[in-house]
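First the structure, in the form of structure tokens, and then the observations on it.
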Amino acid sequence: MAGQVHRTTHGPVALLEIDNPPVNATSQAIRRALQDALMRAEADPEIEAIVIAARGKTFVAGGDISEFGRKPLEPHLPDVINRVEESAKPVVVAWHGTALGGGCEIGLAAHRRIMARDARVGLPEVKLGLLPGTGGTQRLPRLVGLPAALDLIATGRMVDAREALAIGLCDLVAGDDLVGEAIALAMSLGGKLQPRLSLRPPPAPDAGAWEAMVARVRAQARGRIAPLKAIDLVAHAAGMPFAQALRIERQTFLELTASEQSKALRHLFFAERDVRRVAGIEGARALPVRAVGIVGAGTMGAGIAMAFLDSGYAVTVIEREEAALRAGAERIESLLQRAAKGGRIDAAGLAERRARLTLATELARLAPCDLVIECVFEDMALKQELLGALESILRPEAILATNTSYLDIEAMADGLARPQRFLGLHFFSPAHVMKLMEIVRTRRVSADALATGLAVARDLGKIAVTTGVCEGFIGNRILARFRAECEFMLEEGAMPAEIDAAMEAFGLAMGPFAVQDLAGLDIAWVRRKRHAATRDPAERDVPIVDRLCERGWFGQKAGRGWYRYAEGKRVRDPDVEALVRDHAASTGRRPVPLPAEAIQARVLAAMVNEGAKLLGEGIAARPLDIDVVLVHGYGFPAWRGGPMHEADSRGLAAVLATARENARRDGRGFEVAPLLEELAASGRNFASLNQREPMSQP
Ligand code: COA
């Protein structure tokens, strides 16, 4: 990224426009150009005031993340930003698009801030495991008070113009002509030296509000270090000279830049964008999609319908029976109502979404659709019949998709006349909330159809990862090994609560047994029973879950499962623990102590080993695809960057050693992946397989 700063003169005002596509990051070239332009404007006797704005779709969206972790190059951003504040001529900043990180901090150093109506501003560094490093933690509290500043810095959330004005983060919200109004504002200051924010003490803190905010930040940190450091830094704004606090802020920023957590989060930032780059779709044309059909209005179908309604599509939902259609309509309506009640959509949005929704029982109503997704019961014969019927109704160029989680998509494609227009769109439940989607690429799908899937996913605001066909695709296949490994440990002396505690300490929001209780054990039980006849007898299998289900202990909804539930609280269940102990004894294994680190290492090795198999089989294109799936679909802690990144940072030799122990103990299905052996033997890591370039995006 190079970039430049354009200067134009408007009467006594110098307008400096930052120009560094795509997001005007403050790369070294921009820092230098801005510093030079400021100095020249200050020295220019014709100039009384300065406006800093930016060209393109956004004001500065922060530092150049790809420069982080390298040696910082001069001029440093803090020097440029101090120059803004110390300017003898008033400086007005005009924010449009997303003024983030350094973009927000330039504004904090300026003497006035004006914002476009649809702009947003924030300090999102914490999301990259960092904190503002150029005065943000000291100037923001002086402007909006300590609790509000801590809120913004520790959550990294963006605020819109209305909120920014209300809390005092901006002085003015512009009408249609942001830059023109910024110039007018600059002129109105009459060239007079303006007070500096750094010299102003922060508003006296309200102790109660501050303590409450600190408690909230601590509770939400869950293993992340940056939000905790934010508490100290923001507190310094009240009790320490500005210059001293600024030095500590800078020091903290540099330390965090070097931290494993920040490296992991930066890896994820680029991975979330790289998953859009997919091999083999060069030159493909995505079909424009406006009308979407959904067959099956169960929980999944209703969630998918809601996701499309939220993104402006015309949606037709089909259930063949009247009663099922009514139930589906109620499901969608309740999602709409909830969104309205929660303030996510207003009355007009609600009415407008309802108007875009059609409910019907005849498949023929789907004829005008550009894309149809089937979400009916997971039954191969049922789906094949339905897909065949849909194909005869749809236009030849329309795209047909299945939302199956486990069934063989190639077998579904076999029965189709146009398999090239067919693919898997695997949503995660609840589909209107979960960010992740797996796009399942069948052998025969065309590049255009794939590009359409990717484009639609992006339009829905989803992070879509492309996967090949296998049972469970990327996410559920790894989940199966993860769960199996956890159940094996039950046979070796660990209790569900101990495994859950270890995995929660690892950073999962909820341990695997608690998650099963939440989802309900009965669905998995039905599948277990269905697979019982065909299960490989050589595969290690832990039947404890059968014992729970036979007793009707189906999880939270039944009041007990792996745990007991009373008044919404989860407690260990001595009956379950006795079952676990009895079963473990019946296997003849001697119980061994399993400390949390051993549990975590075994689970990680099981996931990484399966991930390496997915890579070896070409199901997952790159390790980063796996990382994105596990973080966004399965609650893997983002600050560990995903399992493959975590394996790299622990060192593949250690992970391989544990994978070998797993293989020796667990047998079939846990054989060490050849790719893992190969990488470890050659001293390479998974990151070496994450190429950026030869891929393209629709
Ligand atoms: N440094 C370097 N590259 C950046 C960047 C940054 N701060 N912010 C965005 N980019 C790149 C992205 O990698 C992407 O590159 P690609 O097209 O080659 O994949 C491109 O800019 C567009 O970003 P994208 O996120 O796809 O666009 P968007 O319109 O969806 O979102 C932002 C724009 C600015 C909201 C979003 O990119 C963002 O949140 N950026 C990070 C902001 C941040 O954390 N700043 C503080 C840094 S200290």
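Order of listing sets the numbers, starting from 1, for every ligand and every atom in it.
For R55 and E17, the salt-bridge test passes: some basic side-chain N is under 4.0 Å from an acidic carboxylate O. Using a 4.0 Å cut-off between charged side-chain N and carboxylate O, E260 and R640 make no salt bridge. Looking at D151 and R157, a side-chain N of the basic residue comes within less than 4.0 Å of a carboxylate O on the acidic one, giving a salt bridge.
Listed by number with element, the atoms of ligand 1 under 4.0 angstrom from any heavy atom of G63 are 1 (N), 6 (C), 7 (N), 47 (C). Every atom of ligand 1 with a heavy atom of D64 under 4.0 Å away is listed here by number and element: 1 (N), 2 (C).
Taking 4.0 Å as the cut-off, L128 counts as a neighbour of ligand 1 on heavy-atom distance. The shell of residues lying under 4.0 angstrom from ligand 1, judged by heavy atoms, includes K57.
Looking at V23 against ligand 1, only its side chain comes within 4.0 Å, counting heavy atoms. Residue I65 touches ligand 1 through backbone and side chain together, judged by heavy-atom distances below 4.0 Å. Within the 4.0 Å heavy-atom criterion, neither part of E67 lies near ligand 1. Of all the heavy atoms of A61, the ones lying under 4.0 Å from any atom of ligand 1 are found in both the backbone and the side chain. Contact annotation: for R276 versus ligand 1, heavy atoms closer than 4.0 Å belong to the side chain alone.
Looking at M158, R458, R277, R273 and measuring to atom 25 (O) of ligand 1, the nearest heavy atom belongs to R273. Of the candidates P22, P124, P132, P22 brings a heavy atom nearest to atom 11 (C) of ligand 1.
With D370 contributing its side chain and R290 its backbone, the two residues share a donor-acceptor pair below 3.5 Å. A donor-acceptor distance shorter than 3.5 angstrom exists from the side chain of R356 to the backbone of Y313, with no hydrogens or angles considered. With hydrogens and angles ignored, the 3.5 Å screen pairs no side-chain donor or acceptor of E67 with any backbone N or O of S27.
Inspection of the H6 and D19 side chains reveals an N or O donor paired with an N or O acceptor under 3.5 Å.
Annotation: side chain of T467 is not in contact with side chain of D625 (no heavy-atom distance under 4.5 Å).
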